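Remember, it's 1-based here, ligands and their atoms both numbered in the order they're listed. The chain is numbered in sequence order, starting from 1. Since we're looking at a predicted model, the values are computed, not measured.
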Amino acid sequence: MRAATSTRPADAAVGADGTAVDTHCPYCALQCGMTLSPAGRASVRVRPRDPSAGGLCQKGWTAAALLGSPARLTTPLVRDGGTLRPASWDEALGLVARRIKEIAAERGPDAVAVFGGGGLTNEKAYLLGKFARVALGTSQVDYNGRFCMSSAAAAAHRAFGLDRGLPFPLADLEGADAVLLAGANPAETMPPFLSHLRRAMDAGGLIVVDPRRTPTAERAALHLAPAPGTDLALALGILHAAVADGRLDQAYVAGRTTGFEEAWRVAAAWWPERVERVTGVAAADQRRAAAILAEAASAYVLTARGAEQHATGVDTVGAWINLALALGLPGRLGSGWGCLTGQGNGQGGREHGQKADQLPGYRRIDDPAARAHVARVWGVEPSALPGPGRSAFELLDALGTPDGPSALLVFGSNPVVSAPHSARVADRLAALDLLVVADIVLSETARAADVVLPITQWAEEDGTLTNLEGRVLLRRRALAPPPGVRTDLEVLHDLAVRLGQPPERFPTDPETVLTELRAASEGGPADYSGVTWDRLRAGERLHWPVPRTPGHQGTPRLFLDRFAHPDGRARFAAVDHKGPAEPPDEEFPLYAITGRVLQHYQSGAQTRRVEELRAAVPEAYVEVHPDTAHRAGLRDGAAAAVVGRRGRVLATVRCVPSMRPDVVFLPFHFPGAQRANLVTNPALDPVSRMPEFKVCAVRLSPAGEREAQ
Ligand code: SF4
């Protein structure tokens, strides 16, 4: 029943013991190049391919530890009498297919849902979306990237007509005299990235906007620390200062943009002193930020999760884009706006069809021409393709409800830890008739599953990913997977065939899938039709769009001549400050903000199982100002409960004098009672449907003895 995985003669050496293989890190969107030299599964040497570009961070150096980990799943598991027991692939897949058919027959195709991840390769993300729409016929497919980059993507679409995280090569940042980072902490999330900001740091041009004095903020010439949820107001204040001080690039605004007057009508009411009262950022610092950016010969505004993960995330990113447009930065060589994508394939993962409203090539699923094109490639009628489905949190929130799906297949995600209001999400998963999880380890979500499918890791498979600058990269197989595990592509193929699909419709060979993806994306906004395996293997640096046109070298820089809107102009957005959906009050007087630490990645399912990383940061902590801790009856090292409207998080107190007294910080990588997402607010942005991970109201108290256990 399984299609054979093709072997490519030129790759014959790849995967043999002792053979050095050039590939990329399995974690974040920087996708640092690394060379793997396997000498058996438990001994894989890791070296950075480009030490001059910052090398690797601690996560990258230790990534191979998970390849030989005893925590690795190597056999399918099936729930039996309340516990998970080993099963054969035939039994596990047969059970899944049978239950899917029964549930779909009883309640319709939308009763079966799919949840993907921003770490899946382009080929997996593509085939997963196709599997959902064609093999299952369901509209209910979305992915965890909705939690990461969707607000920046929507804001970029609105402003420029196209979303590519960095619309310029990463290396362009090396020429920058000034860089404003809004809600980004790359010193912890992607430390090698800082090597691209050396010039800006040396020139006193690094501005960091973050409520915390993070390791990135420590390196800044100017650290602006707004109250959580007020960064949109801060962006308006800096825009106001720029315009009032005569720094508006009038020729650029007149020649390359529309909508400035409407945007300015809002920003005119946000003079820096008023913004200071709302944000706590001194008016003089707002003016200084405007001056640093405007006076630099080369300047960039970069946003990340801190700007995005709000119920007003699209408008907040839009406010930072407005500032960049007013200064004439986007679409100009050596300047610009960009979004720092987080997950390993956060960029490619949002382009090829695992998102509820999209088809491959960054096409809209409600566009008749897009449906016709993709349906032709897939060999089905356009009318057979479902329409848009629920967004990630709405999908999780609907599971097991009368109108929601009663079966869920999860690939590359751990929503029990990573979704907001995670106790609610765990309850919804428990209400399902069928939960299937494909993973490399028994994650918290896998523990709740009815069927667990063990899959290959990054070093055991080929594929492509698209990094934060929109460059397509080749992931290379360095060693054979352990007996008993299959690739995600093989799992999708096996299930599709059991559901009655022709085997050739769901290939298992990544290069074959890429060939089909290229056709499906051809002519779309994210056109990969000219990206071939051979070109990537030859080391070509291909930034999308890469049309099939012979000799096309890709598009490292977008927007130099025109933006992607039909009139070629960028759009200002008339955005106003609203504040967080759940501001502090008497009962919950503190802001809780969430974020990342250097040693862990996302839900921690992988990094918590790497001994060196686990030993460095073994458990959740809460950063708090010493005075705030004292008022709550706590001291450094004490066990605290961070209590909010939706739950409580247990964490060890870290007194940090640089913290704002009204803010506590929780890293979100930890499971169980230490899940930061037990308190986070699932209020959604009305456009991107991204939850407000970054701000909720809490109080702090000593953890009761029972709670601390
Ligand atoms: S910065 Fe990101 S891609 Fe580079 S080694 Fe660290 S986790 Fe891996």
Check ligand 1 against Q31 and write out every atom of the ligand that is under 4.0 Å from a heavy-atom position of the residue. 3 (S)

How far is atom 1 (S) of ligand 1 from its nearest protein heavy atom, and which residue and atom name does that atom have? P192 CD, 3.4 Å

At what distance is the nearest protein heavy atom to atom 2 (Fe) of ligand 1, and which residue and atom is it? C28 SG, 2.3 Å

Side chains of Y362 and H352: does their closest heavy-atom pair fall under 4.5 Å? no

Closest to atom 4 (Fe) of ligand 1 among protein heavy atoms sits C32 SG, 2.3 Å

For Y528 and T466, which I'm curious about, is there any donor-acceptor pair between the side chains at under 3.5 Å? yes

Are Y300 and F168 near enough that their ring centres are under 6.0 Å apart? yes

Side-chain heavy atoms of V441 within contact of Q606, under 4.5 Å: no

K59 and ligand 1 - part of the residue with a heavy-atom distance under 4.0 Å: side chain

Using the six-membered ring wherever Trp is involved, compare the ring planes of F670 and H600 and label them parallel, tilted or perpendicular (cut-offs 30° and 60°). perpendicular

Interfacing atoms of ligand 1 (cut-off 4.0 Å, heavy-atom, Y27): 7 (S)

Of the backbone and side-chain N, O or S atoms of C57, does one lie nearer to atom 6 (Fe) of ligand 1 than 2.8 Å? yes

Find all atoms of ligand 1 within a distance of less than 4.0 Å from any non-hydrogen atom belonging to G60, and give their numbers and elements. 5 (S)

Closest protein heavy atom to atom 8 (Fe) of ligand 1, given as residue, atom name and distance to 0.1 Å: C25 SG, 2.3 Å

Member of Q347, Q354, K355 meeting the side-chain hydrogen bond (donor to acceptor under 3.5 Å, both in side chains) criterion with E351: Q347

Taking only heavy atoms of M190 into account, list the atoms of ligand 1 that are under 4.0 Å away from them. 1 (S)

